[in-house]
Amino acid sequence: MRRFFTFIAVIITIIFLFAGHTYWKHKTTSVNVGATVTPKEKAEPEKAKEPVFDEKKLEKAANWPEKAQTAFEKAMLNEKALKVALVGSEALGKDANGWSVQLQDALADAYGDALDVKIFQYEERSDGFINSGHDKEVAKFKPDVILFEPFTLNDNGNVEVEDSHQNIETFLSSIEKENNEAVVILQPPHPIHNATIYPWQVEELEKFAGNHNLTFLNHWPEWPDPENEELRSYLLEDQSAPNKKGHEVWFAFLKKYFIAE
């Protein structure tokens with residue numbers, strides 16, 4: 001009988017301990033569920049990336065037309081490259097490390113990815129440039145700034161000045177259709193020795209630029225006098241384009257304009 005009561009006591013103790021354990025487990029869980037849990041400090045949302053704007057690069061463009069400077073500033077704020085097209089005849093010297101190639105390299109060094117510079121060289125007269133659709137080819141690049149040598153020397157003796165200017169206007173129209181905010185800068189080809197009508201053509205080109213509110217970059221004063229035999233030492237034998245020495249003169253002038261010190 002005594003063993004029976006002992007057995008009952010053990011059973012009751014076990015039941016009591018089990019009930020107590022269950023009770024406290026439930027209570028602890030309830031407290032954890034109902035308690036206010038302080039979350040880990042949330043990371044602040046990432047701020048919008050600030051636009052990349054380089055004041056020093058804009059300062060280097062101080063000589064550019066005001067409209068071009070504004071476009072450059074806007075492009076940098078939008079983190080886009082400003083597109084620059086160098087357009088003209090074989091006088092650009094694209095295949096001979098001429099002024100266009102040297103300028104392209106210099107602009108890359110000065111402005112980096114802020115500019116996208118492309119060379120468009122054609123061995124054409126101005127009428128061939130238009131009739132072959134090269135004006136539209138340049139326009140498809142959608143340049144923001146165009147430095148245009150409008151085939152004036154190639155037109156000499158072949159295309160009337162009025163027609164040459166009409167071809168320039170056609171080119172301007174093609175550019176405007178793709179980018180009506182584009183800035184076109186005109187420049188003459190290189191000077192040649194003992195020319196007669198050609199200097200007058202260049203004078204008329206400068207007047208055309210003024211009448212159309214276009215910047216005209218006259219690099220001729222940087223060369224030897226066209227009446228001086230010395231000029232020939234800056235040109236190919238047939239005077240169709242500059243030689244290495246002539247390209248250096250032309251490039252130096254344009255570098256000072258496009259990259260202000």
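Keep in mind it's a predicted model, so treat the numbers as computed, not measured. Basis for what follows: all heavy atoms, side chains included, without hydrogens, waters or symmetry-related copies.
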**Partner set under salt bridge (Lys or Arg N to Asp or Glu O under 4.0 Å) for D116, not counting sequence neighbours** = none

**Prompt:** With distance as the sole test, does N228 use its side chain to make a donor-acceptor pair with the main-chain N or O of P224 at under 3.5 Å?
**Reply:** no

**Fill in**
With sequence neighbours left out, the residues meeting side-chain contact (heavy atoms from CB on, under 4.5 Å) with S233 are E230, K245

**Asked** Taking side chain as C-beta onward, heavy atoms only, is L153 less than 4.5 Å from I192?
**Response** yes

**Request:** Flag the pair L77 / E73 as yes when at least one side-chain heavy-atom distance between them is below 4.5 Å, and no otherwise.
**Result:** yes

**Message:** Test side-chain hydrogen bond (donor to acceptor under 3.5 Å, both in side chains) on S89 and E149; report intermediate values, then the result.
**Reply:** CA-CA 7 Å; S89 70; E149 178 265 290; 2.6 Å; yes

**Asked** Heavy atoms, side chains only, cut-off 4.5 Å: are K83 and L115 in contact?
**Response** no

**Item:** Same cluster (ILVMFWY, side-chain, under 4.5 Å), F208 and V159
**Value:** no

**Request:** Return the set of residues passing salt bridge (Lys or Arg N to Asp or Glu O under 4.0 Å) with E59 (not counting sequence neighbours), or none when no residue passes.
**Result:** none

Distance-only donor-acceptor pairs under 3.5 Å for side chains of residues 161-172, two or more places apart:
unit_1: S164; atom_1: OG; unit_2: D155; atom_2: OD2; d: 2.8
unit_1: N167; atom_1: ND2; unit_2: S126; atom_2: OG; d: 2.8
unit_1: N167; atom_1: ND2; unit_2: D163; atom_2: O; d: 3.1
unit_1: E169; atom_1: OE2; unit_2: H212; atom_2: NE2; d: 3.0
unit_1: T170; atom_1: OG1; unit_2: Q166; atom_2: O; d: 3.1

**Request:** Apply side-chain hydrogen bond (donor to acceptor under 3.5 Å, both in side chains) to the pair E137 and Y122, showing each step before the final yes or no.
**Result:** CA-CA 11 Å; E137 181 180 354; Y122 305 97; 3.2 Å; yes

**Request:** State, with a plain yes or no, whether a side-chain heavy atom of L82 is found less than 4.5 Å away from one of V145.
**Result:** yes

**Prompt:** Do N243 side-chain atoms and G246 backbone N/O form a donor-acceptor pair below 3.5 Å?
**Reply:** yes

**Request:** Could you tell me whether a side-chain N or O of Q121 sits under 3.5 Å from a main-chain N or O of G88, the two making a donor and an acceptor?
**Result:** no

**Message:** Show every ring pair (Phe, Tyr, Trp, His ring centres under 6.0 Å) that has at least one partner inside residues 179-203, sequence neighbours left out.
**Reply:** Y198-W220

Donor-acceptor pairs under 3.5 angstrom involving side-chain atoms of residues 99-107: please list them, not counting sequence neighbours.
unit_1: W99; atom_1: NE1; unit_2: A91; atom_2: O; d: 3.1
unit_1: S100; atom_1: OG; unit_2: L92; atom_2: O; d: 2.8
unit_1: Q102; atom_1: NE2; unit_2: N97; atom_2: O; d: 2.9
unit_1: Q104; atom_1: NE2; unit_2: V117; atom_2: O; d: 2.9

**Contacts of type salt bridge (Lys or Arg N to Asp or Glu O under 4.0 Å), residue E55, not counting sequence neighbours** = none

Which donor-acceptor pairs under 3.5 Å do the side chains of residues 179-186 make with protein atoms, sequence neighbours left out?
unit_1: N179; atom_1: OD1; unit_2: E181; atom_2: N; d: 3.0
unit_1: N179; atom_1: ND2; unit_2: P143; atom_2: O; d: 3.1
unit_1: N179; atom_1: ND2; unit_2: D144; atom_2: OD1; d: 3.3

**Item:** Contact check, side chains of W223 and L235, non-hydrogen atoms, under 4.5 Å
**Value:** yes

**Message:** Using the side-chain contact (heavy atoms from CB on, under 4.5 Å) criterion, which residues pair with K118? Sequence neighbours excluded.
**Reply:** F120, F141

**Asked** Do the rings of F129 and H134 sit parallel, tilted or perpendicular, given the 30° and 60° boundaries?
**Response** tilted

**Asked** Within a strict 4.5 Å, meaning less than it, do heavy atoms of the N78 and K74 side chains meet?
**Response** yes

Only distances under 3.5 Å count here; give the side-chain donor-acceptor pairs of residues 249-261 to other protein atoms, sequence neighbours excluded, each with its distance to 0.1 Å.
unit_1: W250; atom_1: NE1; unit_2: Q187; atom_2: OE1; d: 2.9
unit_1: W250; atom_1: NE1; unit_2: H219; atom_2: NE2; d: 3.3
unit_1: Y257; atom_1: OH; unit_2: N63; atom_2: O; d: 3.1

**Item:** Those residues that, when tested against K207, pass salt bridge (Lys or Arg N to Asp or Glu O under 4.0 Å) (two or more places apart)
**Value:** E204

**Request:** Can you measure from CD (E237) to CZ (R232) and round to the nearest 0.5 angstrom?
**Result:** 8.5 Å

**side-chain contact (heavy atoms from CB on, under 4.5 Å) partners for D238, two or more places apart** = L236, S240

**Asked** What is the distance from atom CG of L214 to atom CD of E206, rounded to the nearest 0.5 Å?
**Response** 12.0 Å

**Request:** State whether the side chain of N158 and the backbone N or O of N154 hold a donor-acceptor pair below 3.5 Å, judged by distance alone.
**Result:** yes

